[in-house]
Every structure is written in structure tokens, then in C-alpha cells.
Chemist: 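Sharing a structure here in C-alpha cells format.
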2 protein chains.
Amino acid sequence: MNTTTTAKRRYRGTGVEERKAERRQLLIDAATEVYGRNGYRHSGVKQVCDAAGLTQRYFYESFSHSDELLIACYEQAARRLREENANAAQAAGISPAARSKAMLLAYFQSLKDKPLIARLLLIEIRGISPAVDCAIDEALKATSDDMARMFTSPGQKTDLSDELLLAGVLGGVIHIALHWMATQYRAPVEEVVETAFKLSGSLLEV
Amino acid sequence: MNTTTTAKRRYRGTGVEERKAERRQLLIDAATEVYGRNGYRHSGVKQVCDAAGLTQRYFYESFSHSDELLIACYEQAARRLREENANAAQAAGISPAARSKAMLLAYFQSLKDKPLIARLLLIEIRGISPAVDCAIDEALKATSDDMARMFTSPGQKTDLSDELLLAGVLGGVIHIALHWMATQYRAPVEEVVETAFKLSGSLLEV
DNA sequence: GAATTCTGACAATTTAGATTGCCAAATTGT
DNA sequence: ACAATTTGGCAATCTAAATTGTCAGAATTC
């Protein structure tokens, strides 16, 4: 005897949709961990579900392919990182140099603090499927835009519209991070930031 | 009636070892093509063998895993590209600026001329297996060393030993290439070279 | 407390592909 | 011509994993 159409029974204090969303989030968090540790293509649905404390049935409740979950993980991680960076930059005032340094520091520090997320974001990720690649491209584009904003003085006319150069600088920053990771984060973070800043000099000298 | 021990019967005018090596090379070339077109993880042993005009039996004659073939492809492509670049740089005289520009031009031109090899070298390649990643790292390191040599005047003392910065510049160049590829090589090669050169400015201003 | 819906575990099915094994036809040496 | 060896094709096997299906028991509503 439904009130209207949808039976809205409550379990553990929450509604159907809510619980479903919780499980989805649980899967995303667990998968982020697992993928970061083993790499996406060496992790299976079962492994992720075990880590999430859920059974495989629930995987297919929220995602139709493994890819979908990977994309969700990637997007969540990329969004959070971008937010952190943006906040750090905001707090650093209006000088382009100060802002960009603050942003770089926030970026590298995050990667060091969360190495699993770093791996998820930077390696073992390209070429899984067109949809995944697409998500990556979007995230990079967004980051690239952020960068352009940081490196431009608020009233400045200079159009940092040289997409190619922006892509290059961003790629450089990423590879500095990769190299840093590959050497067990040996170099102090300040040095890494300084190097990345030097590299991005080509953007400031417009 | 062997001369000594090994039966050296000849088929099609060549000895056993030689034919085996031929088949191996045939597989490498075919695989380079196939992997560049479909991506490694969307290509199977069968597909490669068909493209090579050989049967699967011969795959296992030369390689024990698919990975091995991928590594062979990657190393061949990377080596050739590096050789081309080095030659171009040699021919450009001794000025670091001229040499590095020549090198960049050779690099980008090759990528444009052989888009399949470009895909093999730059995308869909990381994270296949530790062995593959290792091969990639070695190739990048070698390229990085080449770069350091190009950017140093013959009698110069400046140690371009800042590995981190070198890795960054190389990464930047790679991402410029990726962006160029993603936009169907729209920008003229000279412009791309110019952008990459600008990015690597941080190496020259030591 | 009875009916209903949700949950967790697990078995069954499908799929995709690698790897191995076998054999008939072709090629070569003698 | 005949024995030995190579070749190419293909079927059989093996493996790993995704995906679907079933079901008994727990939680919830009324």
C-alpha cells in the first residue's frame, strides 16, 4: 500500500537513495585506495568490493563498468586537489609569483602526503578507455586554466591563451612530480617547488 | 653429416637463427603498427600475428609474454627517434640554441610523420607492468641526458645535473607533443618548436 | 508477529584471451 | 624419390575475470 508510487521505507535511519549513495561513495573511496596501491589494471571488482566491505552485487548497483568507477575516483581526486590548490593560491595574495608558488607548494605537498592518490592521478591511468582519457583531458584542461589564472595579474591584459605553452608547463610540473615520486620524495618539497617555479618562468616573462 | 654439432639446414636461403630473427623483427614491426593503432591493451597476440603474417606459434618462439614484445617495440622506436634527433642536432653546429632547436624540430617532425609510433611512445604505455615502466624510465633518462648534452656548450662547466629540472623540461616537451597530437597536429611545426624552445629556456639561463 | 524489503554470501554463467598441442602440407638435403 | 624438418593453421585447453542469479536470514514496517 504505497502512498503514491515509490515505497520509501527507511533502513538504518536513511532512505533508499541515501543508502545507495553511501555505498557508491564507499566504493569510490575503497577503489581510490586499491587502485593507488595496485594500479587499476591489476585490481579487480572483487578486490575493490572486499576493501569497501561490500559484495559485488553492490558494485553493479552503482556502476555498469569498472571504467565508470575509475572515472569517479579520478574525478573526485582531481577535484579535491584543484580545490586545495585554489584555496592555497587565494590565501597567498594577488602577486602572480606568490600565488603560483603557493599553488605549486600545495600541489607537491598533497602529492607527498597522499602518495596513493598521486599514483592514481599521475600514473597507470592513460589509455584505459576513451571515456577515461576524456576525463583526464578535462581535468588537465581545468588545471591548465587554473594555472593561467594564477599567473596573470588581476588587471592584466596579457592573454595567457597560448594553450600549447600552458600544456607544456603543466606537463613539466607533472613530470617533476613523477620524477620526485620515483625517487621516493627524496628532495625537500621547497626545492621541488623552486624547480617547478623556474620551469614556469616562461609563462611569467610574457 | 654435421660439420660439428648443430644441424644447420637452410631454408629459403637462410639459417635457423637468421629466420628466427627475421620472424622476431616481423613481429616487432607489425606490433608497433597494431599497438599504435589500437593501443596495447586493446590488441591481442592473435591480432599482432595476423598483421605479421605469422601464426601464434611464432609469437611464443620469440617472446614469452606480450609484455616482452611491447618492450621490444618501445625500445626500437625510442632508440630510432633518439638517433634521428642526435643526428639532426649534430648537423646544426655547436651553438646550444641552434642544436636544441634542431633537435626539437626533428623530434616534433618525426612525431607528426609517424603518428602511430607517436602514440606508442607517448600514450597507452605506462602502467602495463613494472618491466615496461622500467624500459620507459630508461628511455626517458637517456633522452634527458641527450638534452643535457645539447644544451651545454662543448667547453662549458655548468653541470646540467639538475635532474629534476631536466625531467620537467622533458615532460613539458612531451606534453606539448601530446596536446599537439590531440589537436590533430593543427599548429604548424615551427610554432610547436618555438613553444618548446621557450619552455626549455629555463635550462639555458643557468 | 506477519509481511515485506534489504542485505550479504556465494554459486553459476559468460566472456575473452593466452597458451599449448597436434597434424597435414610444403620445403629441403641426399 | 624419400626421409627429415619446417611451416602454417587451427583446435583444445587453461585462466582469470566480469557479470548475473539465487537464496537464506536480518531489519523494518504496520
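Throughout, a chain's letter reflects where its sequence line sits, starting with A, and its residues are numbered from 1. Values below: every heavy atom of this structure, side chains too, minus hydrogens, waters and symmetry copies.
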Chemist: Give the rounded distance in Å between these two atoms: CG of B:Leu27 and P of D:dT7.
Modeler: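 In whole Å, D:dT7 P lies 13 Å from B:Leu27 CG.
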Chemist: Reckon A:Arg23 touches a base, only the sugar-phosphate, or nothing at all at heavy-atom distances under 4.0 Å?
Modeler: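 Sugar-phosphate, backbone atoms only, no base.
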Chemist: Just how far, in rounded Å, is P of D:dT15 from NZ of A:Lys46?
Modeler: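 Nearest whole value for this atom pair: 20 Å.
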Chemist: For the residue pair B:Asp67 and B:Tyr40, confirm or rule out a side-chain donor-acceptor distance under 3.5 Å.
Modeler: yes
Chemist: What nucleotide, of C:dC6, C:dT20, D:dT6, holds the atom closest to the side chain of B:Tyr60?
Modeler: C:dT20
Chemist: To the nearest Å, give me how far apart CZ (A:Phe63) and C1' (D:dT19) are.
Modeler: 16 Å
Chemist: So, applying side-chain contact (heavy atoms from CB on, under 4.5 Å) with B:Thr195, which one of B:Ile176, B:Val173, B:Leu104 is it?
Modeler: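 That would be B:Ile176.
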Chemist: Does B:Arg57 have a side-chain nitrogen or oxygen under 4.0 Å from the phosphate oxygens OP1 or OP2 of C:dT19?
Modeler: no
Chemist: Give a yes-or-no answer on whether the side chains of A:Gln47 and A:Ser43 include a donor-acceptor pair shorter than 3.5 Å.
Modeler: no
Chemist: If we count only N and O atoms by modelled type, under 3.5 Å, do the side chains of A:Asp29 and A:Gln25 hold a donor and an acceptor together?
Modeler: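 Side-chain D/A pair, A:Asp29 to A:Gln25: present.
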Chemist: Could you give the CG-to-C1' distance, from A:Asp67 to D:dA18, as a whole number of Å?
Modeler: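 It works out to 12 Å between those atoms.
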Chemist: From C-beta outward on A:Gln56, which listed nucleotide comes closest to its side chain: C:dT19, D:dT19, D:dG9?
Modeler: D:dT19
Chemist: Considering only C:dG8, D:dG9, D:dA18, which nucleotide approaches the side chain of A:Leu54 most closely?
Modeler: C:dG8
Chemist: What is the distance, rounded to the nearest whole Å, between atom CG of A:Asn38 and atom P of D:dA17?
Modeler: 11 Å
Chemist: Tell me: CZ of A:Arg19 to P of C:dT5, nearest whole Å?
Modeler: 13 Å
Chemist: Given the rule in the side-chain hydrogen bond (donor to acceptor under 3.5 Å, both in side chains) test, do B:Glu84 and B:Gln109 qualify, once you have shown the distances and angles that lead to the verdict?
Modeler: CA-CA 11 Å; B:Glu84 284 178 27; B:Gln109 192 63 52; over 6 Å; no
Chemist: Atom CZ of B:Phe59 to atom C1' of C:dA18: distance rounded to whole Å?
Modeler: 9 Å
Chemist: Return the nearest nucleotide to the side chain of A:Val45; candidates are C:dG21, C:dA9, D:dA18.
Modeler: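 The closest nucleotide is D:dA18.
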Chemist: Would you mind telling me which of D:dT19, C:dA18, C:dG8 lies closest to the side-chain atoms of A:His65?
Modeler: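 Of the candidates, D:dT19 comes closest.
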Chemist: Round to the nearest Å and state the distance from A:Glu61 atom CD to C:dG8 atom C1'.
Modeler: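 To the nearest whole Å, that distance equals 13 Å.
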Chemist: Which base, if any, makes a Watson-Crick or G-U wobble pair with C:dT4, both distances under 3.5 Å?
Modeler: D:dA27
